[in-house]
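Working notes, structure below.
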Number of protein chains: 2
Amino acid sequence: MLPTSREKILDVAEARFAQRGYAGVGLREVAEAAGLGKSSLFHHFPSKAALYGAVLDRVLERIELRMNRALEASRDVRAQISDAVIGLIDTLAEDPPAARLLLRTVFEDDDVSPGEAPELAAADRRLEALIARVARVITEGIAAGAIRPISVPDAIQTLIGATVYPFASGEFGEKLAGEIFSADAIARRKREVLGLIEHGWLRPIPRGEMS
Amino acid sequence: MLPTSREKILDVAEARFAQRGYAGVGLREVAEAAGLGKSSLFHHFPSKAALYGAVLDRVLERIELRMNRALEASRDVRAQISDAVIGLIDTLAEDPPAARLLLRTVFEDDDVSPGEAPELAAADRRLEALIARVARVITEGIAAGAIRPISVPDAIQTLIGATVYPFASGEFGEKLAGEIFSADAIARRKREVLGLIEHGWLRPIPRGEMS
DNA sequence: GTCTATAAGGGGATAGAC
DNA sequence: GTCTATCCCCTTATAGAC
């Protein structure tokens with residue numbers, strides 16, 4: 001079960017783009033790591049932007065698959081959100097370059113704008129649909145009284161920051177909190193986000209101790 | 001009060017590095033935007049890494065100044081954390097490229113490792129001291145019973161993700177939640193983070209409604 | 001302190017042989 | 001589908017005139 005040439009290229013490119021960014025990666029480097037000459041890359045992908053788009057769309061597809069499963073269930077809103085967070089964290093943990101690639105993509109909106117390649121436009125649509133779905137669930141949760149009346153877009157931004165960023169934080173994160181992708185760190189991240197959503201950080205003030 | 005040549009260069013470089021990243025920015029672009037020829041840049045900064053380090057250290061200095069003021073006060077731990085969050089958000093809001101520059105720096109640990117230039121090493125030390133200070137406050141808060149027994153490093157990662165990332169999210173963030181640096185958006189971000197710390201997202205279940 | 005000129009190398013992308 | 005060779009542009013950095 002050797003990977004096809006195309007998948008091998010995508011694997012290599014995902015790791016390189018995540019580590020060094022769009023501008024920092026040369027196609028020569030990608031091609032040779034995949035066992036090809038530089039020019040042969042252009043037979044599989046017509047441009048650097050198209051390659052990046054294909055890498056990005058594949059990552060988003062994996063996340064979409066897992067999160068949609070959590071959000072499809074017609075259960076309690078709390079459980080939907082919890083499972084979506086768990087699904088997102090698990091996907092990011094199984095594909096270490098993914099988190100950094102996603103955040104880099106957000107930052108590099110010049111080089112990887114949807115107009116640069118059709119693959120980038122496809123990834124853009126996929127992400128937009130996923131976010132719309134999460135927004136709908138939170139909005140319904142507020143309407144049903146299960147969630148405080150928070151700002152939904154701001155809540156989604158917090159969710160991204162609290163789940164995606166730590167898995168993208170590399171050496172900095174490891175120095176701060178130890179191995180990022182260890183089973184323990186993954187479990188701690190789930191507890192951190194779920195606990196924060198449910199209770200916040202502060203300890204409830206026991207009855208009779210109100211000042 | 002025209003900026004000195006050095007400060008003008010730093011202003012231009014901060015904006016460019018934040019927008020396109022370390023590898024994506026050419027010194028020619030920076031020099032000409034600052035009104036110099038490319039080679040003249042090397043008179044002020046001996047290398048690209050040194051310039052980046054100077055930019056980064058200046059950003060961290062501003063953040064340190066504001067956060068230390070919030071953390072120095074010998075008040076209630078809750079107030080220290082709230083004021084530190086508010087100070088961090090205000091600093092990021094007053095210096096729009098800062099958030100993106102900081103997160104890019106975390107990601108680009110290859111190009112901007114402390115060994116590349118003394119300015120980068122200085123920035124590294126500054127950041128380390130700031131984080132240690134925040135960690136101390138949270139740890140004391142837990143010991144005093146004001147904060148739930150959370151993992152301190154994970155809490156700091158969440159704090160970074162929930163405060164820095166949204167101000168770095170650029171076009172993506174604007175599409176999701178509107179203008180990032182409007183007074184309203186800044187106020188909403190403060191409410192979001194402080195509310196999350198204090199209560200979480202979920203609505204407390206009213207008495208007698210426990211299932 | 002700024003400039004021109006140059007060095008030495010890498011970038012993305014294309015043409016055409018095999 | 002992979003290769004070699006090539007095009008043209010940009011990169012960091014240095015040398016030396018003014």
Side-chain angles (χ1 to χ4, degrees), chain A residues 2-56 104-105 108-120, chain B residues 2-56 104-105 108-120:
Chain A
L2 285 168
T4 68
S5 198
R6 190 188 153 90
E7 302 240 348
K8 172 92 178 163
I9 293 168
L10 288 175
D11 287 342
V12 169
E14 182 179 330
R16 295 299 196 284
F17 280 133
Q19 193 172 18
R20 298 213 218 282
Y22 185 83
V25 172
L27 293 186
R28 184 184 192 228
E29 179 190 348
V30 174
E32 287 179 0
L36 278 75
K38 182 179 61 163
S39 294
S40 306
L41 248 187
F42 287 90
H43 182 81
H44 298 273
F45 301 95
S47 71
K48 189 183 188 180
L51 171 59
Y52 192 97
V55 167
L56 178 63
R104 275 199 192 272
T105 304
E108 279 157 34
D109 42 29
D110 278 354
D111 293 319
V112 298
S113 89
E116 302 290 319
E119 290 86 349
L120 282 168
Chain B
L2 285 170
T4 67
S5 197
R6 192 189 152 88
E7 302 239 348
K8 172 89 176 165
I9 293 168
L10 288 175
D11 287 342
V12 169
E14 182 180 330
R16 294 300 195 286
F17 280 134
Q19 193 171 16
R20 299 208 212 282
Y22 186 83
V25 173
L27 294 185
R28 185 188 191 226
E29 178 191 348
V30 174
E32 288 179 1
L36 277 75
K38 181 183 56 167
S39 292
S40 305
L41 248 187
F42 286 90
H43 183 80
H44 298 273
F45 301 95
S47 72
K48 188 182 188 179
L51 171 59
Y52 192 97
V55 167
L56 178 64
R104 274 198 193 273
T105 303
E108 278 156 33
D109 42 28
D110 277 355
D111 293 319
V112 298
S113 89
E116 302 289 321
E119 291 86 347
L120 282 168

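Letters A, B, ... are given to chains in the order of the sequence lines, protein chains preceding strands, and every chain is numbered from 1.
Atoms CZ (F42(B)) and P (dT12(D)) sit 7 Å apart, rounded to a whole Å. One interatomic measurement links the two molecules: CD1 of I9(A) to C1' of dG1(D), which rounds to 11 Å at whole-angstrom precision. Taking atom CG of residue L41(A) and atom P of nucleotide dT14(C), one finds them 13 Å apart after rounding to whole Å. One atom, CD of E32(B), and another, P of dT2(C), lie 14 Å apart when rounded to the nearest Å.
L41(B) and L27(B) make their closest contact through CD1-O, 3.5 Å (heavy atoms, listed as atom of the first residue, atom of the second, distance). Closest approach of A54(A) to R6(A), counting heavy atoms only: CB-NH2, 4.2 Å.
Of all the residues in residues 18-29 of chain B, V25(B), G26(B), L27(B), R28(B) reach under 4.0 Å from DNA chain D with at least one non-hydrogen atom. Applying a 4.0 Å cut-off to non-hydrogen atoms, the residues of residues 43-50 of chain B that approach DNA chain C are H43(B), H44(B), listed by residue number. A heavy-atom distance below 4.0 Å to DNA chain D is reached by none of the residues of residues 111-118 of chain B.
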Atom pairs, N/O to N/O, protein against nucleotides 3-7 of chain C, distance under 3.5 Å?
unit_1: dC3(C); atom_1: OP2; unit_2: G37(B); atom_2: N; d: 2.4
unit_1: dC3(C); atom_1: OP2; unit_2: S40(B); atom_2: OG; d: 2.9
unit_1: dT4(C); atom_1: O4; unit_2: S39(B); atom_2: OG; d: 3.0
unit_1: dA5(C); atom_1: N6; unit_2: S39(B); atom_2: OG; d: 3.0

Audit row: L56(B), V112(B), side-chain contact (heavy atoms from CB on, under 4.5 Å) steps and yes/no = CA-CA 10 Å; L56(B) 178 64; V112(B) 298; over 6 Å; no

Just do the side-chain contact (heavy atoms from CB on, under 4.5 Å) check on S113(B) and L120(B) with the steps written out, would you?
-> CA-CA 7 Å; S113(B) 89; L120(B) 282 168; over 6 Å; no

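Looking at L36(A), V25(A), V55(A), V30(A) one by one, the single match for side-chain contact (heavy atoms from CB on, under 4.5 Å) with V12(A) turns out to be V30(A).
To the nearest 0.5 Å, atom OG of residue S40(B) and atom CD of residue E32(B) are 10.5 Å apart. Atoms CG and CD, on D111(B) and Q19(A) in that order, are 10.0 Å from each other to the nearest 0.5 Å.
A heavy-atom distance below 4.5 Å is found between the side chains of Y22(A) and K48(A). F17(B) places none of its side-chain heavy atoms less than 4.5 Å from the side chain of E108(B). Looking only at side-chain heavy atoms (C-beta outward), S47(B) and L51(B) stay at 4.5 Å or farther from each other. Looking at heavy atoms from C-beta onward, T105(A) lies in side-chain contact with Y52(A) at the 4.5 angstrom threshold.
Screening residues 15-26 of chain B for salt bridge (charged side-chain N to carboxylate O under 4.0 Å, His left out), with sequence neighbours left out, gives D110(A)-R20(B), R16(B)-E29(B), R20(B)-E29(B). Sorted by first and then second residue, the ring pair (Phe, Tyr, Trp, His ring centres under 6.0 Å) pairs involving residues 27-48 of chain A (not counting sequence neighbours) form an empty list.
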